[in-house]
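These notes are about the structure you will find just below.
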Amino acid sequence: MRKFTTLMFVAMFAVAGSSAAFATEYTKGTVKKVDMKAGKVTIIHEELANLDMPAMTMVFRTADPAMLEKMKAGDDIEFVADRVKGKLTVTELK
């Protein structure tokens, strides 16, 4: 019974660890500029770990143009960025 209990704990930790690997990691940033016409936003951001980029100011496209309407210069945001068709793109925003 003791081996079974130990095995169950090991299995639970393995499952918890693997689901954490798929968790979305949001990055904090501040909107510097929104260019509705070009469909781009300039963000002063913290490190983008998934893209292996240090903190800096960058221009991004957005996965959904409606995201641009939710942002204005000076807003503090949390976002997810990724490469979409080779372009740096904000894919999620909260």
Side-chain angles (χ1 to χ4, degrees):
M1 184 65 169
R2 188 170 194 186
K3 283 185 179 182
F4 178 75
T5 303
T6 303
L7 183 60
M8 288 300 294
F9 279 119
V10 170
M12 285 175 25
F13 286 120
V15 169
S18 66
S19 64
F22 295 109
T24 302
E25 185 175 331
Y26 283 83
T27 301
K28 292 180 181 181
T30 302
V31 176
K32 184 172 182 180
K33 178 182 173 185
V34 177
D35 186 342
M36 297 291 281
K37 194 173 191 177
K40 297 178 181 179
V41 59
T42 304
I43 303 172
I44 304 165
H45 63 79
E46 294 180 349
E47 177 185 15
L48 292 168
N50 64 316
L51 295 172
D52 195 28
M53 292 184 179
M56 65 176 85
T57 301
M58 295 177 61
V59 177
F60 296 88
R61 296 183 182 274
T62 56
D64 180 0
M67 287 182 186
L68 292 171
E69 296 171 7
K70 297 178 183 178
M71 294 185 269
K72 66 180 184 312
D75 283 352
D76 290 325
I77 60 170
E78 291 185 40
F79 68 102
V80 176
D82 208 346
R83 290 191 190 279
V84 177
K85 297 180 183 177
K87 307 287 184 186
L88 292 172
T89 305
V90 174
T91 57
E92 294 183 45
L93 180 67
K94 61 171 167 172

Inset, instruction - Could you check if a side-chain atom of Leu51 sits within less than 4.5 angstrom of a side-chain atom of Arg83, using non-hydrogen atoms only? - result: yes

Inset, instruction - Compare every heavy atom of Ala49 with every heavy atom of Glu25, then report the nearest pair and how far apart it is. - result: OE2-CB, 3.8 Å

Legend entry - Spacing of Lys87 atom NZ and Lys40 atom NZ [to the nearest 0.5 Å]: 7.0 Å

Inset, instruction - Starting at OG1 of Thr27, measure out to CE of Met53 and round the result to the nearest 0.5 Å. - result: 11.0 Å

Legend entry - Pairwise distance CG(Asp64) to CG(Leu93) - rounded to 0.5 angstrom: 10.0 Å

Inset, instruction - Take Lys33 and Val41 through the test side-chain contact (heavy atoms from CB on, under 4.5 Å) and record every step on the way to the result. - result: CA-CA 6 Å; Lys33 178 182 173 185; Val41 59; over 6 Å; no

Inset, instruction - Indicate the atoms forming the closest heavy-atom contact of Thr57 with Lys32, along with that distance. - result: CG2-CD, 4.1 Å

Legend entry - Met56-Leu48 co-clustered via ILVMFWY side chain contacts under 4.5 Å: yes

Legend entry - Interatomic distance, Ile43 atom CD1 to Phe79 atom CZ [nearest 0.5 angstrom]: 4.5 Å

Inset, instruction - Could you go through the side-chain contact (heavy atoms from CB on, under 4.5 Å) check for Leu88 and Met58 one step at a time? - result: CA-CA 9 Å; Leu88 292 172; Met58 295 177 61; 2.8 Å; yes

Inset, instruction - For Asp75 and Ile77, indicate whether the former's side chain and the latter's backbone hold a donor-acceptor pair under 3.5 Å. - result: no

Legend entry - Residues which pass side-chain contact (heavy atoms from CB on, under 4.5 Å) with Lys28, listed by chain and number, not counting sequence neighbours: Glu46, Glu78

Legend entry - Co-membership, hydrophobic cluster, residues Tyr26 and Val84, 4.5 Å side-chain: no

Legend entry - Thr91 side, atom OG1; Phe60 side, atom CZ - distance, nearest 0.5 Å: 10.0 Å

Inset, instruction - Following the transitive rule for hydrophobic clusters with a side-chain heavy-atom cut-off under 4.5 Å over Ile, Leu, Val, Met, Phe, Trp and Tyr, establish whether Met67 and Val80 coincide in one cluster. - result: no

Legend entry - Side chain to side chain, Thr89 and Asp82, heavy atoms closer than 4.5 Å: no

Legend entry - Residue pair Thr24 / Glu92, side-chain heavy-atom distance below 4.5 Å: yes

Inset, instruction - Check whether Met71 and Met36 end up in the same hydrophobic cluster, where Ile, Leu, Val, Met, Phe, Trp and Tyr are linked by side-chain heavy atoms less than 4.5 Å apart. - result: yes

